Protein chains: 2
Amino acid sequence: MFKKETEYALRGMVYIQIQNLKDRRPGVAEIAHEIEAPFFYTAKIFQRLAKQGFVRSLKGKGGGFFLDPEKKDLPLKEIIIAIEGNELFIGCGFGLKNCDENNPCPLHQQYGLIRDEINRLVSGETIQSLALSSMTKNVSLGFSRENSEKKS
Amino acid sequence: MFKKETEYALRGMVYIQIQNLKDRRPGVAEIAHEIEAPFFYTAKIFQRLAKQGFVRSLKGKGGGFFLDPEKKDLPLKEIIIAIEGNELFIGCGFGLKNCDENNPCPLHQQYGLIRDEINRLVSGETIQSLALSSMTKNVSLGFSRENSEKKS
DNA sequence: TTATTAAAAGACAAAAAGGTCTTTTAATAT
DNA sequence: ATATTAAAAGACCTTTTTGTCTTTTAATAA
Ligand code: FES
Ligand code: FES
């Protein structure tokens with residue numbers, strides 16, 4: 001569905017926000033480890049997100065990443081579009097140059113419903129909303145879910 | 001959503017089947033033109049599809065592609081999986097190694113619904129079903145829809 | 001002010017996807 | 001038989017995606 005870069009970005013941002021809510025500022029090493037992404041690739045991705053203003057960062061000791069309080073309630077859709085464009089949200093499921101009601105592909109009606117659902121999902125959720133539900137529910141951002149180690 | 005190769009394959013197969021229903025066997029040049037795909041790339045894609053048994057072909061004069069009558073009612077899903085694997089149909093929307101009810105990502109429930117919809121669509125439609133609805137309805141496989149030139 | 005820490009910048013490289021082209025093989029028509 | 005047609009095979013290339021690594025900049029701590 002999404003590009004790997006998008007997946008890493010979303011998982012990482014949710015992780016950052018969860019930590020921010022605990023008054024922590026994770027660095028690249030910690031983020032990459034937690035979301036099971038390659039260190040250097042994660043670094044590059046968050047560097048870009050910082051430049052685009054989706055996350056903020058501090059250098060040096062005690063530094064790391066955190067979300068601008070004004071950005072944590074942005075719909076996921078905005079982040080996704082910034083990374084991979086909006087083809088998924090407006091494009092034709094059959095690959096026609098543009099999805100056009102007046103020149104529909106054979107999947108137009110049915111695919112339209114799916115695309116609407118996708119749009120609803122990414123418009124309705126935010127990094128903050130996912131971070132909060134991740135903390136209450138038993139939810140995972142990588143292989144090792146440490147949200148709920150106290151299971152035994 | 002799908003890879004370009006998948007899109008070309010599906011559009012091309014629907015076109016082939018429409019022509020087959022008119023007792024024609026289109027060649028690569030015609031297919032590529034009709035679905036607006038690069039000639040050589042289309043050739044390669046249909047070569048693969050032929051080797052995998054999804055389409056059949058005849059060389060030489062009057063040659064071209066046609067669907068095995070037994071294959072034309074295969075769900076799109078089988079063709080798609082043969083081309084790009086089944087990640088889209090079983091994978092996690094957040095990019096976790098596997099979508100696991102017992103280790104869900106923050107999008108698990110909501111993405112699950114979308115994934116189910118996608119599965120329903122590609123399991124319920126076939127090349128034949130799309131070819132038939134393409135002929136009755138006013139439907140397009142490329143830019144120039146010649147299904148309905150007699151509009152004036 | 002110097003050492004240490006951690007992100008920013010940017011070059012580099014491997015892999016996958018997308019695309020092009022030439023040569024060979026197999027049909028048909030003359 | 002041979003000329004023609006069209007797919008099969010396969011080499012090759014380009015772009016995008018994914019990933020790696022080194023050097024530089026900025027912050028803090030001692
Ligand atoms: S034209 Fe294909 S989805 Fe609308
Ligand atoms: S775990 Fe992510 S969709 Fe199921």
Side-chain angles (χ1 to χ4, degrees), chain A residues 1-13 15-16 19-20 24-33 35-68 80 82-85 87-88 95 97, chain B residues 1-13 16 19-20 24-68 80 82-85 87-88 95 97:
Chain A
M1 169 85 26
F2 301 121
K3 294 203 317 180
K4 279 218 174 320
E5 184 178 347
T6 304
E7 294 173 347
Y8 293 153
L10 295 178
R11 297 220 300 277
M13 286 178 78
Y15 179 75
I16 291 169
Q19 295 307 311
N20 286 176
R24 296 191 63 252
R25 273 196 305 253
V28 172
E30 179 179 339
I31 298 167
H33 176 255
I35 68 174
E36 282 184 286
F39 173 86
F40 287 117
Y41 197 26
T42 305
K44 173 181 284 186
I45 290 168
F46 277 88
Q47 196 175 302
R48 288 181 195 144
L49 289 171
K51 199 159 4 183
Q52 293 179 288
F54 290 112
V55 299
R56 310 222 318 162
S57 66
L58 273 181
K59 287 179 174 179
K61 210 155 206 173
F65 289 89
F66 58 101
L67 270 80
D68 188 322
I80 296 167
I83 296 172
E84 61 179 43
E87 200 45 35
L88 182 60
K97 284 210 191 68
Chain B
M1 167 86 25
F2 301 121
K3 294 205 313 179
K4 279 222 173 327
E5 183 178 346
T6 303
E7 294 172 348
Y8 293 153
L10 295 178
R11 297 220 300 277
M13 287 178 77
I16 291 169
Q19 296 307 312
N20 288 176
R24 295 191 65 254
R25 273 195 307 253
V28 172
E30 179 178 339
I31 298 167
H33 176 255
E34 286 301 320
I35 69 175
E36 280 184 288
F39 173 86
F40 288 117
Y41 196 26
T42 305
K44 173 181 283 183
I45 290 169
F46 278 89
Q47 197 175 301
R48 288 181 193 144
L49 289 171
K51 197 157 8 179
Q52 292 178 289
F54 289 111
V55 298
R56 310 223 313 156
S57 66
L58 272 181
K59 286 180 176 179
K61 211 156 205 173
F65 290 89
F66 58 102
L67 271 80
D68 189 322
I80 296 167
I83 296 172
E84 62 180 43
E87 199 47 32
L88 183 60
K97 284 210 191 65

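Proteins get letters first, then strands, A, B, ... in listed order; numbering begins at 1 in each. Everything numeric here is computed off the predicted structure, so don't read it as measured data.
Contact check, B:Lys51 against D:dA9: a side-chain N or O comes under 4.0 Å of OP1 or OP2. Side-chain nitrogen and oxygen atoms of B:Lys3 include none within less than 4.0 Å of the OP1 or OP2 phosphate oxygen of C:dA16. Applying the 4.0 Å criterion to OP1 and OP2 of D:dA8, one finds that B:Ser57 has a side-chain N or O inside that range. The shortest distance between the side-chain N/O atoms of B:Tyr8 and the OP1/OP2 oxygens of C:dG18 is not below 4.0 Å.
If you check every strand for non-hydrogen atoms under 4.0 Å, B:Ala43 touches nothing. Residue B:Phe39 is out of contact with every strand shown, counting any heavy-atom pair closer than 4.0 Å.
Place A:Phe2 and B:Gly64 on DNA chain D by their nearest nucleotides, and B:Gly64 ends up nearer the 5' end.
Atom CG of A:Leu88 and atom NZ of A:Lys3 lie 12.5 Å apart (nearest 0.5 Å). Between the CG atom of A:Leu10 and the CD atom of A:Glu5 there is a distance of 10.5 Å, given to the nearest 0.5 Å.
Separating the CZ atom of B:Arg56 from the C1' atom of D:dA7 is a distance of 14 Å, rounded to the nearest angstrom. C:dA7 atom C1' lies 6 Å from atom CZ of A:Phe65, rounded to whole Å. Taking atom CD of B:Glu30 as the reference point, atom P of D:dT5 lies 16 Å away to the nearest angstrom. As a whole-Å value, the separation of B:Phe46 CZ from D:dG10 C1' is 19 Å. Rounded to an integer number of Å, the gap from A:Ile45 CD1 to D:dT17 P is 13 Å. Between the CD1 atom of B:Ile83 and the P atom of C:dA16 there is a distance of 18 Å, rounded to whole Å. As a whole-Å value, the separation of B:Arg48 CZ from D:dA7 C1' is 15 Å. Protein atom CZ of A:Phe66 is 16 Å distant from nucleotide atom P of C:dA6, rounded to whole Å.
The shortest distance between side-chain heavy atoms of B:Met13 and B:Phe46 falls below 4.5 Å. Side chains of B:Ile45 and B:Ile83 form no contact here, defined as non-hydrogen atoms less than 4.5 Å apart.
Taking only side-chain atoms of B:Lys44, from C-beta outward, the nucleotide of C:dA26, D:dT18, C:dT20 with the closest atom is C:dT20. Closest contact between the side chain of B:Gln47 and the listed nucleotides C:dT22, D:dA7, D:dA8 involves D:dA8. Here the nucleotide nearest the side chain of A:Phe40, chosen from C:dA8, D:dT20, C:dG18, is D:dT20. Side-chain proximity of A:Tyr41 to D:dT20, D:dA7, C:dA9: nearest is D:dT20. Which of D:dT5, D:dG10, D:dA7 sits closest to the side chain of B:Lys61 comes down to D:dT5. For A:Lys59, the side-chain atoms get nearest to D:dT25 when compared with the rest of D:dA8, D:dG19, D:dT25.
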Side chain to side chain contact (heavy atoms under 4.5 Å, CB included) between B:Arg48 and B:Phe54: does it pass, once the steps are laid out?
CA-CA 9 Å; B:Arg48 288 181 193 144; B:Phe54 289 111; over 6 Å; no
From CA spacing to verdict: side chain to side chain contact (heavy atoms under 4.5 Å, CB included), A:Phe65, A:Val28
CA-CA 8 Å; A:Phe65 289 89; A:Val28 172; 3.5 Å; yes
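Of the possible donor and acceptor atoms, none in the side chain of A:Gln19 sits under 3.5 Å from a partner among the backbone N and O of A:Pro26.
Taken over five-pair windows at either terminus, the axes of the helix from C:dT1-D:dA30 to C:dT30-D:dA1 are inclined to one another by 0° (rounded to 10 degrees).
Taking every heavy atom of both residues into account, B:Ile31 and B:Gly12 meet most closely at CG2-CA, 4.0 Å.
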